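Remember, it's a predicted structure, so these values are computed and weren't measured experimentally. Chain letters run A, B, ... following the sequence lines, proteins first, then strands; residues in each count from 1.
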Amino acid sequence: MTSAFQKIEEANAEAVDRMLSGDPVLVDVVPAAQAIPNLRDRMILHAGPMIEWEHMCGPMRGAITGIAVFEGWAADLAEAERMSAAGAFDFWPNHDFDAVGPMTGMTTAGQFVMVVENRAFGNRAYCTVNEGLGKVMRFGGNDAEVRSRLAWLRDEFAPAMGRALRLSNGIALKPLVARGLTMGDEMHQRNAAGTGLVLRALAPALAATARNSGTLSRALSFIAGNDQFFLNIAMAMGKAIMDPVRGIEASSVVTAMTRNGTDFGIRVSGTGDAWFTAPVEMPEGLYFPGYTEDDANPDMGDSTIVETIGLGGFAMAAAPAVAGFVGAGAASEAVEFTRRMGEISCASNPEWTIPILDYVGVPTGIDVRLVVETGLAPTINTGIAHKNPGIGQVGAGVVRAPLACFEQALRALAARLGVS
Amino acid sequence: MSRALLTRLRKGFHLDSVALMRIARTVSELDGIEDAALMMGTSTNLEILADAGLLDGEGKTAQGGDLVIAIAGMDSDAAARGLAGADALLDGPGDIAVTNNGWRPRSLRGAVTVMPEANLALISVPGDFAAAEARKAIRRGLHVMIFSDNVSLADEVDLKREAQALRRLVMGPDCGTAIIAGVPLAFANRVPRGGIGIVGASGTGIQEVSSLIARHYGGVSHAIGVGGRDLHSEVGGISTLMALDALDRDVATQHVVLISKPPPCGVAKIVLERVSRFTKPVTICFVGAGEMDMPANVHQVRTLRDAAITSLGQSVPASHPQVSVIGTREHQTYSRGLFMGGTLAAEAQAVFLAAGLPISSNVPVPGAEVMNGAKETGRNLILDLGADAFTKGRPHPMIDPVARDAAVTEALRDDTVGVVLVDLVVGHGAHPNPAQSLAEAVAIIPEAGRPVVVASVTGTDADPQVRSIQVATLEAAGISVAPTSADAAEWAARAVGAKF
Amino acid sequence: MSDDPVIDLLNTPPKVVNIGLEGFARDLQDEGVKVVHLEWRPPAGGDPELARLLSKLEA
């Protein structure tokens, strides 16, 4: 007879194997409706687990109304708000449509999405193009300026980037991330290296396929001007790596962590599609001048998928500069974060290594058992949004996943295994 | 003025029990403080606090991961001062950290990642949690030594069966002492390596025998503690048998010693049958048992002293050297034994019974009477003050002898008592200077007219407390120090009328 | 290495994981024994029901 413990160990070995054998490649940028056929008109995908309009936080509501106007479903923001409250739109989590989105995470049929294909398993995952810093829809921004940037992304940038990727046969992301880790990125709050590496890989093909020098120049300067450009690529990559890990009977490995500004939710491989949710916590961090924690919105976004694959807070040791930026302590303490996360993970990734840890790999495969046992919650590096829509990012910090999610998941897994 | 109780909860704050008890003691010595307790909020601890009248308010809501601070003061000001004192101690600089490149793993899994070659887990967490930690260790391929007490018998049986199937050794629960390949673990004495292997159900029995071997220029290959219940029928001697087998196969071991209280018949039979097949000579001391039929290679002895002598290949003399200084006054006709070592208390009872003297104890050996309360007087009494009933929520007297030594002072005031019999156990883990503490407790009563005090000191001169210094301290205080625990018991028995 | 882990335990000085009283780890370190001291906390924050589940699911 195999004990519950042995079943879990075997299932987790399989889960880790699938994570490590993933081969994510950024292959294209296409209209969301084409990538996600089930994404119908008046359907709005958002970050985090399922949530209704009444429970959405300020930035989430701001983004919803903004995207409704952008899509032409409402004449103005006021109408969009009335329609939202009246149930005119279908709200669904990105995660249920092979997609992820940062912060508010708006994905709708009329936007373009980047496509990451996991060539080892044949699945694809999608994420919109990162809009840049300042007043942007992911932080709830919804005015004309925000919407016109989205329109430019749709009409000029995304098609240009898609042509370039098709010409260059895609960009393999695993080696790019490995490189980025040695250059000081952790792929959540610091993507300077990853963005530079993508720009370098993409530039020749962009030049070769650009319709005119104006398009090329605007595309290049858009990427060059946004250190977080790579974040959305890393997120789609995370989703592409984790989706094949779902549904392994008995596995206690976390396949998704996400938050919608109200709730934090996790999914676990061995417990099907259930979300285990708990109220999301406030990030602790540093605020940009003029802002304080009174301005902060609770934690938000699908970007925690990067922690789920061992980056972000889990790879803090690779990015000592981030430790200071997110207010997590001295740069020299960054190593501690990664080691702690190693205690709640099944394995380390031999391809994504961290020089300062003598090339030990990033912690891989969060095990709910270990989280509950040690009380060490996954540490997430995050941007802090203003609680009012449209103001944007006001700081950066660290937030811990609520332990209650993991406790629920453990109970559910035990019940499925007949352990009481 | 009225007694005021203040309780506070610190959620998710953990400190080991010894550190907490140290703080509680410091606080309880502050002016106006009647009682102070700092305990993790396990269900066992909450019961103790409730029994002590120290649980109310938010303390009642505590969980195992929360620290409960309870201060009873003469008035609310005193209690508040006590609480402030406790806070200051809790938040002050802690003990020196034991680190491995500065990194302290939080889980066994993390520890094994840091040290993949680890092969032994030494577990001294509160009893409520010890079995779970031990189970994890066994499943990760480690042997375990469980120092913790208050582990349930059912857990012990389960653990040992699982360990046996995986060929892993479980020492304990309630295993105070082990020496593995020359390394003293928990409460052990520094003894030279040699050819004598010891298996013991109790810590102090192992300590006395290994120290005596060292003092007679012998050496110990290994000393394996198995816990006081291992030879009970429910456990069936799983660890004892594994340890004995290992010592029989071990190249460093030439002579095997087994120390235990008398096991039930069925278990004794299995053990004797097993050792009868050994190629090595075996010495067995079932403390308090009568003479039994033994296999040819097995020598049964009565006392720990005789176990040490036999294992060294010497023969036990018919009578041991006597002292003449011992004598008691009229009316002072009873002996009061106040022990920190459980097996030493059992051995003393066996000595009294062998001399035909009646004896009562809280841990009676066969033939002794069950004591009905600690305040008994007017009879020969031997108390094990390290027994669970005395140590729940308190440090073991080997760590902190204050409670035992207070009992000594009290016994010296009892005019029916002619002789007070005590043990000191030194070595790793033990109090840094128990002789000093005992000497001070004895000095409270003027020497003229007080009962005689007879002591033994278990340990060696290589121990941090240095046995000879401890002996000198006691002798300077007018305490008679016998060479072994068995001799001390014999001296005491003789003082109250026994003839040897 | 022998065929029996118990014999292996006796053949070399133990390599110890110390869980609980810190003093024991210090003593061992003073002896020159390899020891890792756990920063132990009650599992599952001291929740007995979760700890019981964990003990069946974890190693």
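Put simply, the side chain of A:Arg369 gets close to the backbone of C:Leu57: a donor and an acceptor are under 3.5 Å apart. Between the side chain of C:Arg52 and the backbone N or O of A:Ser420 there is at least one donor-acceptor pair closer than 3.5 Å.
We find that A:Arg340 and C:Glu39 are joined by a salt bridge, their nearest charged nitrogen and carboxylate oxygen being less than 4.0 Å apart.
Rounding to the nearest 0.5 angstrom, the gap separating the CZ atom in C:Arg41 from the CG atom in A:Leu376 is 8.0 Å. To the nearest 0.5 Å, the span separating CG on A:Leu403 from CG on C:Asp47 amounts to 11.5 Å.
Within 6.0 Å of CD in A:Glu284 there are 12 or fewer heavy atoms belonging to other residues, nucleotides or ligands. Around the CD atom of A:Glu293, the shell of radius 6.0 Å holds no more than 12 heavy atoms that belong to other residues, nucleotides or ligands.
Top candidate by heavy-atom pairs under 4.5 Å with chain C, chosen from A:Thr374, A:Leu410, A:Val371, is A:Leu410.
For the side chain to side chain contact (heavy atoms under 4.5 Å, CB included) test with C:Leu53, the passing option among A:Val419, A:Leu413, A:Val372 is A:Val419; the others fail.
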Would you check, one step at a time, whether the test side-chain contact (heavy atoms from CB on, under 4.5 Å) holds for C:Leu50 with A:Arg411? CA-CA 8 Å; C:Leu50 271 177; A:Arg411 288 198 177 94; 3.6 Å; yes
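Looking at A:Leu417, the atoms closer than 4.5 Å to chain C (heavy atoms on both sides) all sit in the side chain, from C-beta outward.
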